[in-house]
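Computed over heavy atoms, backbone and side chain alike; hydrogens, waters and symmetry mates excluded. Sequence lines set the chain letters: A, B, ... in the order given, protein chains first and strands last, and positions in each chain run from 1.
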Protein chains: 2
Amino acid sequence: MDNKIKLRNAGLRPTKQRIIIADILLNGFNRHFTAENLQNEISISGNKMSIATVYNCLKKFKNAGLIKQVESYTDTAIFDTNNVSHHHFLNEETGELIDIDNNEINLIKLPDIPKGFINSGVDVIIKLKKNN
Amino acid sequence: MDNKIKLRNAGLRPTKQRIIIADILLNGFNRHFTAENLQNEISISGNKMSIATVYNCLKKFKNAGLIKQVESYTDTAIFDTNNVSHHHFLNEETGELIDIDNNEINLIKLPDIPKGFINSGVDVIIKLKKNN
DNA sequence: CAAGTAGTTTAGAACCATTTTAAAGTAAAA
DNA sequence: TTTTACTTTAAAATGGTTCTAAACTACTTG
C-alpha cells in the first residue's frame, strides 16, 4: 500500500486505522463527507472503527494538509438584524463577523448554474487574520 | 410601543416576550448575536426568558423577515478531499455541496481590509434552489 | 532484539447548542 | 364569556463532537 508512504510523508504515523481511512479517501476522486459518512464506508469495507478515532484521524489528516474541512462561519447560530443582502468579513481568530455592503464587492464571472437549479443568492466571506 | 405594531404587521402575535425582544433588536442599529447573547441582554433589561422561548422567537422573527440568520453551510462538519482552494455551490434543500474551480469565479472589486488585518482567503458560496 | 517512551485507539462519559415535550398560560375570535 | 389556537416554560431529549483514562501499538534507543 503506497498510502503508508503518503502518511509518512505527511508526518503521520501509519497506523492500521489511518491506512484504512487513507485507502478510502486518497484514491484521487474528490468528494465531500462527514465523519459519520466515513464511518459507514469503513464498515462497508469490512472494518470497524470508533467514532472518536474517525474524528481524531480526520483532524490529523486536515492538519497535515491531506484533506480540507469546509469552512463554516461558526458552530453556534448567529443572527443579524441587518436584513438587507450583504457579505461578511470573518475574523478567523475570534469568529467575529463584520458586514460588507453588497456594492463593495463585484463578481464579474460566475460559473454555469447546474441544470434544474437557479442561483438563489451568493455569499462572499473574506477571512481575516492579524497582520504581524 | 410601536414594536407592537411592527410585530402585528409582520404577522406575529405581539406577546410580552416578543415585545421585549423587539425592543432590544429593532432599534435601527445593526448587530450580530447568538441566542445566548440575546438572553443575556434580556436579563440586563430586567426581564427573564427561557432559552426555548428565545429560540422560538428568533425563528419566528426570521421567518417573518425581521432578522436574518447568518448562512452557514451545515450543522455538521464537512470534509473535502479536494485540498486545492475552491468555492462551492450549496444545494439549499439537501445541504449537498458541489465544488467550483477558483478560475470559474472572478472578483474584480473587494472592500478595504480592516486595519491591522490581512485577507487570508475568500470563500464564495452560491446557493441553489430547484428551478420549477 | 529488548525495554522504554511517546503517540494512538477506544468505549463510554461529558459537553453544549438546539429542539422537543407536555402542561400551564395568554391572545384573539366567536 | 367561552372557546380555540397559539405561546411560553422547565426539563428532558437529541445529536454532533470532544474528553477521559486505560489499553494498545509504533517507533526509538541501548
Side-chain angles (χ1 to χ4, degrees), chain A residues 1 3-24 32-43 45 47-64 66-67 69-80 95 97, chain B residues 1 3-24 32-43 45 47-64 66-67 69-80 95 97:
Chain A
M1 266 315 128
N3 278 326
K4 202 161 178 170
I5 293 159
K6 244 187 229 168
L7 287 168
R8 242 191 262 279
N9 289 343
L12 297 179
R13 225 186 241 193
T15 65
K16 192 156 58 90
Q17 290 81 353
R18 289 176 185 165
I19 291 168
I20 291 167
I21 290 179
D23 286 348
I24 291 173
H32 300 108
F33 60 96
T34 64
E36 205 194 348
N37 293 157
L38 179 56
Q39 199 186 28
N40 287 339
E41 293 195 55
I42 291 166
S43 293
S45 80
N47 296 287
K48 178 171 158 310
M49 205 176 298
S50 112
I51 192 67
T53 304
V54 175
Y55 277 106
N56 285 345
C57 289
L58 287 175
K59 190 176 284 177
K60 290 284 188 180
F61 276 46
K62 184 174 80 171
N63 292 339
L66 294 172
I67 62 174
Q69 179 168 2
V70 176
E71 195 69 47
S72 101
Y73 278 115
T74 159
D75 31 72
T76 75
I78 295 191
F79 298 89
D80 192 340
L97 294 171
Chain B
M1 266 316 129
N3 278 325
K4 202 162 176 167
I5 293 159
K6 243 185 230 167
L7 287 169
R8 242 191 263 279
N9 289 343
L12 298 180
R13 223 186 243 192
T15 65
K16 193 156 57 87
Q17 290 81 353
R18 287 174 187 168
I19 292 168
I20 291 168
I21 290 179
D23 286 348
I24 291 173
H32 300 108
F33 60 97
T34 64
E36 205 195 348
N37 293 157
L38 180 55
Q39 198 187 30
N40 287 338
E41 292 197 55
I42 292 166
S43 294
S45 79
N47 296 286
K48 177 171 159 309
M49 203 176 299
S50 111
I51 192 68
T53 304
V54 175
Y55 277 106
N56 286 344
C57 290
L58 288 174
K59 191 176 283 178
K60 291 283 186 179
F61 276 45
K62 183 175 82 174
N63 292 339
L66 294 172
I67 63 173
Q69 180 169 0
V70 175
E71 194 69 47
S72 97
Y73 278 114
T74 159
D75 30 74
T76 77
I78 295 190
F79 298 88
D80 191 340
L97 294 172

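To the nearest 0.5 angstrom, B:Glu41 atom CD is 13.0 Å from B:Ile20 atom CD1. Between A:Ile21 atom CD1 and A:Thr15 atom OG1 the span is 8.0 Å, to the nearest 0.5 Å. Rounding to the nearest 0.5 Å gives a distance of 7.5 Å between CG of B:Leu7 and CZ of B:Arg18. Residue B:Ile5 holds its CD1 atom at 8.0 Å from CZ of B:Arg8, rounded to the nearest 0.5 Å. B:Lys48 NZ to B:Gln39 CD: the interatomic distance, rounded to the nearest 0.5 Å, is 9.0 Å. Interatomic distance, CG of B:Asp80 versus NZ of A:Lys62, reported as 12.5 Å (0.5 Å rounding).
Using a 4.0 Å heavy-atom criterion, one finds that A:Thr53 contacts the bases of the nucleic acid, with or without backbone contacts as well.
In the model, B:Thr34 has a side-chain atom that pairs as donor or acceptor with a side-chain atom of B:Asn37 under 3.5 Å.
Under the 4.5 Å side-chain criterion, counting only non-hydrogen atoms from C-beta, A:Leu12 is in contact with A:Leu66. For the pair B:Leu58/B:Phe33, a side-chain contact is recorded, criterion being any heavy-atom separation below 4.5 Å from C-beta on.
The distance between atom CD of A:Gln39 and atom C1' of C:dT9, rounded to the nearest whole Å, is 13 Å. Between the NZ atom of A:Lys48 and the P atom of C:dT9 there is a distance of 14 Å, given to the nearest Å.
Note that the first and last nucleotides of DNA chain D, 5' to 3', having any atom under 4.0 angstrom from a heavy atom of chain A are D:dG16 to D:dC27.
Residue A:Gln17 places at least one side-chain N or O under 4.0 Å from the OP1 or OP2 atom of C:dT10.
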Could you write out each protein N or O paired with an N or O of nucleotides 13-22 of chain C at a distance under 3.5 Å?
from: C:dT18; atom 1: OP1; to: A:Ala77; atom 2: N; distance (Å): 2.5
from: C:dT18; atom 1: OP2; to: B:Tyr55; atom 2: OH; distance (Å): 2.1
from: C:dT18; atom 1: O5'; to: B:Tyr55; atom 2: OH; distance (Å): 3.0

I'd like a table of atom pairs between the protein and nucleotides 28-30 of chain C - only N or O on both sides, under 3.5 Å - with the distance next to each one.
from: C:dA28; atom 1: OP1; to: B:Arg8; atom 2: NH1; distance (Å): 2.7

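Here the closest non-hydrogen pair linking B:Ile19 and B:Pro14 is CD1-O, 3.7 Å. The two residues A:Ala64 and A:Ala10 have their closest heavy-atom pair at CB-O, 3.7 Å.
Each of B:Ser50 and B:Arg18 was assigned the nucleotide of DNA chain D with the nearest heavy atom; the assignment lying further toward the 5' end belongs to B:Arg18.
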